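The structure appears below as structure tokens.
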Amino acid sequence: MHRYIPNNGALLDEMLKDIGISSMDELFRDIPQDLQFKGNLDIPGALSEMELLEKTTKLAELNKSSDQLVNFLGAGVYDHFVPLVIDHIISRSEFYTSYTPYQAEVSQGTLQAIFEYQSLITQLTGMEVSNASMYDGSNAAIEAAILSLNAKRKSDTVLISEGVHPEVIEVIKTYLHFRQTNVKLVPLTAEGKTDLAKAEELMGDGVASIMVQNPNFFGVIEDVGAVADFAKSNKIMSIDYVDPISLGILEAPGNQGVDVVVGDGQSLGNGLNFGGPYLGIMAMRKKDVRKIPGRVVGLSKDVDGNRAFVLTLQAREQHIRRFKATSNICSNQSLNMLVASIYLNTMGKEGLREVAVQSASKAAYLKKALLDTGLFEEVYSGKTFKEFTLAYKGDLDALLKGLEEEGFLGGVNLERFGRKGQLLIAVTEKRTKAQMDAYVDAVRRLS
Amino acid sequence: MSNLYFTEDHEWLRVEGDKAYVGITDFAQEQLGDIVYVELPEEDDEVAAGDSVGVVESVKSASDVLAPASGRVVEVNEDLEDSPELINEDAMGNWIVALELSDKEELSALMDEEDYKAFLGEEA
Amino acid sequence: MNNTNYNTLIFEKSHPGKHAYSLPELDVPAVDLDSLETPLRKELDLPEVSEGDLIRHYVNISTKNFSIDKGFYPLGSCTMKYNPKINENIARIPGLSKLHPYQPESTLQGTLALLYELQEYLAEVSGMDVMSLQPAAGAHGELSGLMVIKRYHEMMGNTNRKKIILPDSAHGTNPATVAMVGFELVEIPSDEDGSVDIDELKAVVDEDLAGLMLTNPNTLGLFEGHIQEVADIIHEAGGLLYYDGANMNAIMGRARPGDMGFDVMHFNVHKTFSTPHGGGGPGAGPIGVKNFLAKYLPVPQIEKKGEEYFLNYDYPESIGKVKAFYGNYGILVRAFSYIATMGGEGLREASDMAVLNANYLMERLKKTYNLPIDKVCKHEFVLSGIKDAPKVSTLDIAKRLLDYGFHAPTVYFPLIIPEAMMIEPTETESKATLDGFMDALEAIAKEAVENPELLASAPHTTPVRRVDEVYAAKALILSYKDMLNEEN
């Protein structure tokens, strides 16, 4: 019997005897004969710890990680520094081997952690309520789009800025297609900001909301206040997709009139992990709280009057409202949410600001150095935060291949999103002046 | 003829002049337990008999309030927004919405108080 | 309790000027923030604590959680099995974890090979042909799977096919998912075993049928014996069958959804393949389909050409993307690790022992508790109240169990059984633990007769006692700021 399975030998016989059967097969006699799987599953193993470590280490050696390559990739996933305390805390069994906190009396740890996360996110975004997190940024975005459609009668369209991450737009299109609703894309101006004049032309009675990303996918800082004003004057919802790190220096969207804030919390202490698991952030106004999807924790008291936390507003959720639930989401990304909370508490207000300032300063340094080579041109003239888009005058594929050989992940080639020759470069506080100078040198040599 | 009617879904309807006030019965509030929220419709909504005109929520359930008859929502009980427990305290005395009925003939399909009591007896 | 560390929020521990972070000095000129020409942040009220404060805070609140590493967690339908430690180590190998989703495929060959191999494992366990690892959770898998079904009907030109049939015993995510994909719901009553009632099924099947969602074993833990008949009825009517993989832990190596006639399914890897629940997530919900549906799966699909692995976006009929990037990779690595340590034979042993443990509990507990359906069960079973104390609620029994050091079972689900208490022991619990659990439930049954108040006021020994949910729902104090406002 396998090492994870405790009952075997004599114990097993005793149990079978207690039940009154003689063999394990009898427990499966209710499965019709022709449906019974005969033979063995064709899965190798069972591997010992040593064998599995050897196998996975070999697989890891076929990859090149950010420990080996200097990472200038961003596009929604950023190589920010992950403070070491995080792994110590999330490695506590009490957090990572517990279930959803349905039994409040024995789940106060998770419930308090969620309450604190909600508090941190509302502080960070300037909004009034936050849920306990969603799958990721793309799913928070589609949930916000659906929320806006549900909030406005007879609506069938959402406006999405072309500055929103193309994969987020993809996800929104997938979902809305099956709901017979439409996505209209709002183009960007020469500055790289959402063109609100064009948005005005796309307006109609069926439009429920407008979504922008700030800083947007191409790195440009949007005029969020103007977007919120546009939404207000058109009586639709404004949805702002944020990079939470940027909120260390940029004004909180809640103070600029935004209705819903969404975003991906990866940059808050979550490692790269090849695209997941991360967490989706969602925060909004308290008047709309009953429209919010996912879990929400509230402060209460127990029968002795002690402070206690509990899942609340559950009547919105799938296990109670079923077909009429606000969403089908069941889980939250609890452990990633815990990571984000620990990150924000570790950094505090000074630290988060420092990360944002350092990232922005280093990005500005590299952008200038690359433009100074004469090999690049800015795609958009707008101001940028920690990420920027340049057009390369040579063969971008060849440049990136060469950079990889010299030890750099040189940026995201936007050809994958139909923009040939454009390079999206992200810089975090982890990059040093020496790394950036070496990168620029390599670019010169390879061009 | 009484002006009070009941549905099998445990709503009541009371006709007063041009308006018909709609609430949930004492049996319904008892089944739900402590009511924590009442979702109200918008005034001027047109509803058909059987359409939802609101939702009554407890911590463990959510129950649609179905219009006993067709009409237009002319008033909603805003007191319930801050004090949903009023329904627990007096379900028959706290209406949820007032409708302007479009077809009073529909009332004949509803139960009167006596029928409803008998219906509750059967359900139990 | 005088220990302020134990009961305060991190915000209440904050003190101006404290901090827990460290960063090197900025080695380039600091950017002039005004040059960004955008409104800047004036205040940012995040807590200010030292590293020691932070660690002590989280360690203290963590001790208020029950967890699988602490004790028995018999939540029905949740498969709370032991989470092997090696899975955590594997997921943290830098060469497997410090990878950006947009790295060139040439720098990802190890990871793509791992994911490809995982797809093969999952296909083998399920009897499906092609897998997608993209969905982030079980409910997300359901959603993606139903989108595949809807796309199939669209491509066949059958846009009228909008009805999804569900048994009334279904998990809440099923109907919510049906709504989210823009399908219509048809709920049919189950027969007395909680199985699909064939007559009821035939009565609702028509030309508008899109499909049926089912789990097998069903939510009562019983194997749906006439599944082939159900499949035939649905297929003959032009519909497809969706398998909710919530209960896969019952049948690995014993039966496969693909062989039962299902066309689409999802796995809950946090149930079946022991990836930790993390306090409510992250999970992962890979889906599998039969070959004829493979072209509709989310893109990219992970494929192999010669010796090279790659991400294939070239499926014009695909439903598109359901999540940015490729799925909850870190969780999928843990599932891979688990399956590799179990092997095919180990997975079968796991299901066998999960079923044995469930039957072992059921046979003894049915003497004290009502067992609505007395048949051999699979990995779980449902009780319905104490025989000698019919008025004592399942909620009170559940809360009293916490005092005995056990987590409560799933309660009040499935909805078709009154006072339901759904017990799933999993294979990783020892006979001694199971005996102790039954001793506790029998002791509670006795207390229920002799001193029901003890149950009604339970729990007595937990970090907090019964929590006022009505107050929470009415007051809606959802953040620290709300709390301060409430106090003033």
Side-chain angles (χ1 to χ4, degrees), chain A residues 2 6 30 41 43 45-46 59-60 62-66 73 89 93-94 96-100 104-106 108-110 119 122 135 138 167 170 174 179 251 273-277 298-300 302 308 310 312 318-319 322-323 325 328 330-331 333-335 346 348-349 351 360-361 364-365 433, chain C residues 20-21 27-28 31 36 38-39 44-46 48 58 61-62 64-69 95-96 98-102 107 109-110 136-137 139 172 175-177 180 182 223 276-282 320-321 324-325 328-330 343-344 346 355 360 430 462 464-465 467-468 472 477 479-480:
Chain A
H2 195 276
D30 53 344
L41 291 172
I43 296 173
L59 287 171
L62 299 174
N63 293 333
K64 280 189 190 166
S65 79
S66 287
L73 298 173
I89 295 170
S93 294
E94 294 90 337
Y96 85 88
T97 78
S98 58
Y99 187 68
T100 304
E105 297 85 352
V106 289
Q108 286 296 303
T110 296
S119 305
T122 52
Y135 304 138
S138 67
E167 292 211 24
E170 279 290 302
T174 299
R179 299 169 70 95
E251 177 61 298
N273 272 318
F274 193 49
L299 175 67
S300 188
D302 73 359
V310 69
T312 192
Q318 48 77 26
H319 60 285
R322 297 172 75 86
F323 190 71
N328 76 334
C330 184
S331 53
Q333 300 280 113
S334 210
L335 206 65
T346 302
K349 65 173 162 193
S361 302
Y365 176 83
K433 178 170 180 297
Chain C
Y21 76 96
D27 57 0
V28 300
V31 72
L36 299 179
T38 188
L44 177 57
D45 271 338
L46 296 178
E48 296 173 87
Y58 280 108
I61 68 169
S62 81
K64 300 196 227 180
N65 266 5
F66 194 89
S67 65
I68 189 70
D69 279 2
L96 291 179
K98 293 186 175 177
L99 302 173
H100 191 282
Y102 292 149
T107 64
Q109 286 300 303
T177 303
M180 207 152 172
F223 194 86
H277 282 72
K321 291 191 74 69
F325 316 118
N328 275 345
Y329 167 75
V355 171
Y360 179 69
S430 68
T462 45
V464 298
R465 296 190 50 220
V467 182
D468 188 344
I477 303 165
S479 68
Y480 178 57

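Bear in mind that the values here come from a model prediction, so they are computed numbers and not experimental data. So that the names make sense, note that chain A is the first sequence line, chain B the second, and so on, each numbered from 1.
Considering all non-hydrogen atoms of both residues, C:Asn65 and A:Gln108 come closest at OD1-N, 3.8 Å. A pairwise comparison of heavy atoms in A:Lys433 and C:Val28 identifies CB-CG1, 4.0 Å as the closest pair. Across all their heavy atoms, C:Pro175 and A:Phe323 have their closest contact at O-CD1, 3.4 Å.
No other option in A:Gly45, A:Gly348, A:Gly275 has as many heavy-atom pairs under 4.5 Å with chain C as A:Gly275. Residue with the most contacts toward chain C among A:Ser138, A:Ala360, A:Ala364: A:Ser138 (heavy-atom pairs, distance under 4.5 Å). Of the listed residues (C:Phe66, C:Tyr58, C:Tyr480), the greatest number of heavy-atom pairs within a distance under 4.5 Å of chain A belongs to C:Tyr58. Comparing C:Gly172, C:Pro276, C:Ala137 by heavy-atom pairs within less than 4.5 Å of chain A, the highest count is held by C:Gly172. Comparing A:Ala308, A:Cys330, A:Pro277 by heavy-atom pairs within less than 4.5 Å of chain C, the highest count is held by A:Pro277. Here C:Gly278 is the residue among C:Gly278, C:Ala20, C:Gly320 with the most heavy-atom pairs under 4.5 Å with chain A. The candidate from C:Lys98, C:Lys64, C:His100 with the greatest count of non-hydrogen atom pairs under 4.5 Å with chain A is C:His100. The candidate from C:Ser430, C:Gly346, C:Gly344, C:Gly280 with the greatest count of non-hydrogen atom pairs under 4.5 Å with chain A is C:Gly280. Of the residues considered (A:Pro6, A:Ala60, A:Ala46, A:Ser98), A:Ser98 shows the highest number of contacts with chain C, using heavy-atom pairs under 4.5 Å. Taking A:Leu335, A:Ile89, A:Val106 one by one and counting their heavy-atom pairs under 4.5 Å with chain C, the maximum is reached by A:Val106. Listed options A:Ser66, A:Gly276, A:Gly298 were ranked by heavy-atom pairs under 4.5 angstrom with chain C; first place goes to A:Gly276. Of the listed residues C:Pro39, C:Gly182, C:Gly95, C:Gly279, the one with more heavy-atom pairs under 4.5 angstrom with chain A than any other is C:Gly279.
Distance alone, capped at 3.5 Å, is enough to place a donor-acceptor pair between the A:Thr97 side chain and the C:Asp69 backbone. Side chain of A:Thr346 to main chain of C:Tyr21: no donor-acceptor pair is present (N/O by atom type, distance under 3.5 Å, no hydrogens or angles). Judged by distance alone, with hydrogens and angles left aside, the side-chain atoms of A:Asn328 form no donor-acceptor pair with the main-chain N or O of C:Ala176 at under 3.5 Å. Checked by atom type and distance alone, the side chain of C:Asp468 never pairs as donor or acceptor with a backbone atom of A:Ser300 at under 3.5 Å. Formation of a donor-acceptor pair under 3.5 Å by the A:Arg179 side chain with backbone atoms of C:Met180 is found in this model. Of the possible polar contacts, none joining the C:Glu48 side chain to the A:Lys349 backbone as a donor-acceptor pair under 3.5 Å is found. Proximity of a side-chain donor or acceptor of A:Ser331 to a complementary backbone N or O of C:Pro282 within less than 3.5 Å is not detected.
Heavy-atom distances place both the backbone and the side chain of C:Ser62 under 4.5 Å from chain A. Of the atoms belonging to A:Thr122, it is side-chain heavy atoms, and not backbone ones, that fall under 4.5 Å from chain C.
Here C:Tyr102 contributes atom OH and A:Leu73 contributes atom CG; the two are 10.5 Å apart, rounded to the nearest 0.5 Å. With rounding to the nearest 0.5 Å, the separation of CD1 in C:Ile61 from OG1 in A:Thr110 is 8.0 Å. Interatomic distance, A:Ser65 OG to C:Leu96 CG, rounded to the nearest 0.5 Å: 9.5 Å. The CD1 atom of C:Ile68 lies 13.0 Å from the CD atom of A:Glu94; values are rounded to the nearest 0.5 Å. The distance from atom CG of C:Asn328 to atom CZ of A:Phe274, rounded to the nearest 0.5 Å, is 13.0 Å.
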